[in-house]
Amino acid sequence: MLIRRGFKFELKPNGMQIQLMKQFCGCARYVYNRTLSLERSLYKKDNKHSFKYAEAANRLPEWKK
């Protein structure tokens, strides 16, 4: 018989950690939305276009500037 156990953790970040978490979430949302928009526009031009992680990852340094 397999016994599964779960654990719950509660984070109690201080003010600086809260700010960094919000910044991280904002950056992740920005990258996701920008990549999604770009991939949709490329797909509209060519229906055979498929998402490639390497292409998206190569754009990150440019977007960081």
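As a basis for the values below, the full set of heavy atoms in this structure was taken, side chains included, without hydrogen atoms, waters or symmetry mates.
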### Task
Step through the shown structure and confirm whether more than 12 heavy atoms of other residues, nucleotides or ligands are within 6.0 Å of OH on Tyr32.
no

### Query
Could you walk me through whether Leu42 and Asp46 pass the side chain to side chain contact (heavy atoms under 4.5 Å, CB included) check?
CA-CA 6 Å; Leu42 291 174; Asp46 179 19; over 6 Å; no

### Task
Run the numbers on Lys22 and Leu20 for side chain to side chain contact (heavy atoms under 4.5 Å, CB included), then give the verdict.
CA-CA 5 Å; Lys22 287 181 180 181; Leu20 289 173; over 6 Å; no

### Message
Given 3.5 Å as the limit, does a donor-acceptor pair link the side chain of Ser37 with the main chain of Asn33, or not?
### Response
no

### Task
First locate atom CD of Gln23, then atom CD of Gln19, and finally report the distance between them rounded to the nearest 0.5 Å.
7.0 Å

#### Entry: Flag, side chain of Gln17 to backbone of Asn14, donor-acceptor distance under 3.5 Å
yes

Distance-only donor-acceptor pairs under 3.5 Å for side chains of residues 55-65, two or more places apart:
residue, atom, partner, partner atom, Å
Asn58, ND2, Ala54, O, 3.1

